[in-house]
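To start, the structure itself, in structure tokens.
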Amino acid sequence: MSVGVTGVSGMVGAGTRAADRASAEILPDLAAAEALWRGLDAAPGRLGTPYQRFDWVSAYARSGAADGAIRVAVVRDAGGQPRLLLPLEIARARGLTVARGCGATHANFHLPLFASREAAAIGAEDLVHALVLAGRAAGIDVYDLAQQPRSWEGAINPLALRGEPAASDAYGMMLGPDADATLKRAFSADARKKLRSKEKRLTEALGPLAYRRAGTPEEARAILAAFHEQKAARFAAMGIADPYAPPPIRDFLARAAEGADPTIELHALVSQESGRVLATFIGAVDATRYSGMATSYDPSPEVSRYSPGDLLLHHLVREQTERGRRALDLGVGEARYKASVCDETIELVDIVIPVTLRGRLYGLVATARTRLKRRIKRSTRCYALVVKLRRMARR
């Protein structure tokens with residue numbers, strides 16, 4: 001749902017004085033925002049997702065994966081204290097200057113980074129008003145902010161209050177303090193029995209197995225090489241373009257997985273004897289959450305029949321719980337394995353905030369597009385038809 005510029009001031013309470021309102025500015029690049037951003041990242045009360053960590057966005061920006069210039073919106077309270085930070089990609093589209101969440105579809109969530117839970121309680125009207133004024137000063141026509149969670153860790157996302165339900169939601173789960181109890185909650189007794197049987201038969205076929213998390217550059221390169229090979233085969237079979245194939249995206253994943261405190265963790269199920277990577281899982285991380293970005297598996301029948309991706313996910317849930325993370329999500333989009341494991345639906349909305357008249361027209365089209373995509377995705381027959389047409393178009 002788009003918010004009209006002419007309606008913004010009217011939405012601010014009549015008793016709210018201009019001096020009491022939040023203000024916003026758009027910083028010109030990551031360097032200008034780094035000190036403030038890292039301070040918010042390190043704050044014990046911060047509220048955000050792994051995709052708004054400075055190092056995640058920096059790796060994305062340095063790889064050249066962004067479609068536009070990276071800018072950072074900072075919203076402050078009346079006393080000048082920062083309440084939230086929102087990384088943006090600003091690019092030209094259909095003759096307009098459009099600000100989108102940074103990371104495109106590679107980021108599951110485009111929630112702002114809030115300084116605290118209390119900071120997230122900013123009024124939606126004040127927030128929109130501040131962003132419109134900052135956008136006007138920066139020459140922005142419209143904010144197109146997709147994949148906004150309605151709430152995060154129990155706090156309402158003020159940006160989502162006037163959003164249009166997104167085409168797809170995301171799926172997650174709380175991990176709990178005990179790994180065995182968490183696994184029993186996530187995987188039924190029958191599912192666990194089947195996984196033990198499949199693991200045994202896969203071991204008989206290929207020898208001892210190992211579950212590994214990349215801890216060295218060499219391990220990261222090996223896992224990513226297998227991921228790209230497996231994804232290329234998968235998307236080719238589906239007849240659609242591989243979104244992980246472009247060199248900037250490959251570079252982004254490699255950069256984000258670097259260092260002692262990577263913002264992306266790489267996990268794999270491997271044959272110990274041959275070193276063959278049977279399945280991979282890639283996730284964005286912070287201190288408390290693992291957020292699944294992508295997964296892949298070896299498509300060979302001798303491997304795929306034993307569900308190596310499910311085996312790896314079972315191990316991943318245990319490993320993340322034992323390391324003290326509190327939550328795990330499997331990202332945006334419908335899939336059997338997500339519905340069977342996760343007990344939380346993370347509702348998402350798309351919001352368009354026009355700044356100019358042309359931006360308002362863009363908002364009408366964007367909202368109609370979101371509604372159409374949602375209808376197609378939530379209709380089995382319509383979605384199957386779209387997939388078929390895509391395959392025919394690529395022949």
Next on the checklist: Please determine whether side-chain contact (heavy atoms from CB on, under 4.5 Å) holds for the pair D41 and L113, giving the CA-CA distance in whole Å, both sets of side-chain angles, and the decisive distance to 0.1 Å.
Outcome noted: CA-CA 8 Å; D41 266 343; L113 173 60; 3.7 Å; yes
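- For the pair S340 (side chain) and R336 (backbone), a donor-acceptor distance under 3.5 Å is present.
- Residues satisfying the side chain to side chain donor-acceptor pair (under 3.5 Å) criterion with Q147, sequence neighbours excluded, are absent altogether.
- A distance-only check finds a donor-acceptor pair linking the side chain of S116 to the backbone of A119 [under 3.5 Å].
- Put simply, the side chain of R185 gets close to the backbone of M174: a donor and an acceptor are under 3.5 Å apart.
- Listed by first and then second residue, the side chain to side chain donor-acceptor pair (under 3.5 Å) pairs involving residues 28-37 are E34-R38 (not counting sequence neighbours).
- In this structure, D242 contributes its side chain and F235 its backbone to no donor-acceptor pair below 3.5 Å.
- For Y337, the ring pair (Phe, Tyr, Trp, His ring centres under 6.0 Å) test picks out no residue, with sequence neighbours left out.
- Among residues two or more places apart in sequence or in another chain, the side chain to side chain donor-acceptor pair (under 3.5 Å) test is passed with R71 by none.
- Not a single donor-acceptor pair under 3.5 Å links the side chain of W56 to the backbone N or O of I264.
- When atom types are taken as modelled, the side chain of T288 and the backbone of R325 share no donor-acceptor pair closer than 3.5 angstrom.
- Residues forming a ring pair (Phe, Tyr, Trp, His ring centres under 6.0 Å) with H106 (at least two apart in sequence, or on another chain): Y244.
- In terms of modelled atom types and a separation under 3.5 Å, the side chain of R360 and the main chain of P354 share no donor-acceptor contact.
- A salt bridge (Lys or Arg N to Asp or Glu O under 4.0 Å) check over residues 227-240, counting only residues at least two apart or in different chains, returns nothing.
- By the ring pair (Phe, Tyr, Trp, His ring centres under 6.0 Å) test, Y171 pairs with no residue at all, sequence neighbours left out.
- Residue pairs satisfying the salt bridge (Lys or Arg N to Asp or Glu O under 4.0 Å) criterion with at least one member in residues 276-293, sequence neighbours excluded, are listed as follows: R46-D286, R276-D298, R276-E302, R289-D329.
- For OH of Y297, the number of neighbouring non-hydrogen atoms (other residues, nucleotides, ligands) closer than 6.0 Å is 12 at most.
- Taking the side chain as every heavy atom from C-beta outward, E347 and P165 never approach each other to under 4.5 Å.
- Rounding to the nearest 0.5 angstrom, the gap separating the CG atom in L202 from the OG atom in S307 is 9.5 Å.
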Let me have the donor-acceptor pairs involving side chains of residues 85-98, under 3.5 Å, with sequence neighbours excluded, atom names and distances please.
from, atom 1, to, atom 2, distance (Å)
E89, OE1, D67, N, 3.0
E89, OE2, Y60, OH, 3.0
E89, OE2, G103, N, 2.9
R92, NH1, T97, OG1, 2.7
R92, NH2, G95, O, 2.7

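- Of the possible polar contacts, one joining the K338 side chain to the V332 backbone as a donor-acceptor pair under 3.5 Å is found.
- K200 is linked by a side chain to side chain donor-acceptor pair (under 3.5 Å) to nothing, counting only residues two or more places apart in sequence or in another chain.
- For Y290, the ring pair (Phe, Tyr, Trp, His ring centres under 6.0 Å) partners two or more places apart in sequence, or in a different chain, are H267.
- With sequence neighbours excluded, no residue forms a side chain to side chain donor-acceptor pair (under 3.5 Å) with R201.
- Going from atom CD of E199 over to atom CG of L312 covers 11.0 Å, rounded to the nearest 0.5 Å.
- A donor-acceptor pair is defined here as one N or O able to donate and one able to accept, closer than 3.5 Å; such a pair exists between the side chain of S188 and the backbone of A191.
- Side-chain atoms of R162 do not come within 3.5 Å of backbone N or O of V352 as any donor-acceptor pair.
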